[in-house]
Amino acid sequence: LARAGLSQSDIDFWEINQAFSVVDLVNQQLLGLSPQRVNVHGGAVVLGHPLGASGAVIIARLISVLRARGGRRGLAAICNGGGGASAVVLELVNSPAAQL
């Protein structure tokens, strides 16, 4: 978020990959995120964790949530093997929220 010049309040929805079910719960607690804005359609434990396609699935889910709920920005995060992680901030430029 800092590299994008944004703060948590700028993010409408969060999609956090679940290597384990506790991952998004810990992130909610550590970052003070509202559960209503994290993995709103369920995480990988519920919906599946397609090996090799997890990143694409997370991005697609996030775009779907932003469009369906009138969001403007979302953040997708995924863990990498060996303790690393990656994240991307998406912004829908043609969303109704972008007109604000």
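This chain uses plain numbering: 1 for the first residue, then up along the sequence. These numbers were taken from a predicted model, which means no experiment stands behind them.
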Shared hydrophobic cluster for [X] and [Y] (ILVMFWY, side-chain gaps under 4.5 Å):
| X | Y | result |
| --- | --- | --- |
| Ile63 | Val88 | yes |
| Ile59 | Leu66 | yes |
| Val45 | Leu25 | no |
| Val38 | Phe20 | yes |
| Val89 | Leu92 | no |

Is there a donor-acceptor pair under 3.5 Å between the side chain of [X] and the backbone N or O of [Y]?
| X | Y | value |
| --- | --- | --- |
| Gln8 | Leu31 | yes |
| Asp10 | Leu6 | no |
| Asp12 | Arg72 | yes |
| Asn39 | Ile16 | yes |
| Gln18 | Val23 | no |

### Query
Measuring from Arg61:CZ to Glu15:CD, what's the distance to the nearest 0.5 Å?
5.5 Å
### Summary
Separation between CZ (Arg37) and CZ (Arg69), nearest 0.5 Å, reads 12.0 Å
Could you pull out the closest heavy-atom pair between [X] and [Y], with the gap in Å?
| X | Y | answer |
| --- | --- | --- |
| Gly55 | Ile78 | N-CD1, 3.9 Å |
| Ala77 | Ile58 | O-CD1, 3.9 Å |
| Leu62 | Gly74 | CD2-C, 3.6 Å |
| Phe13 | Val65 | CG-CG1, 3.5 Å |

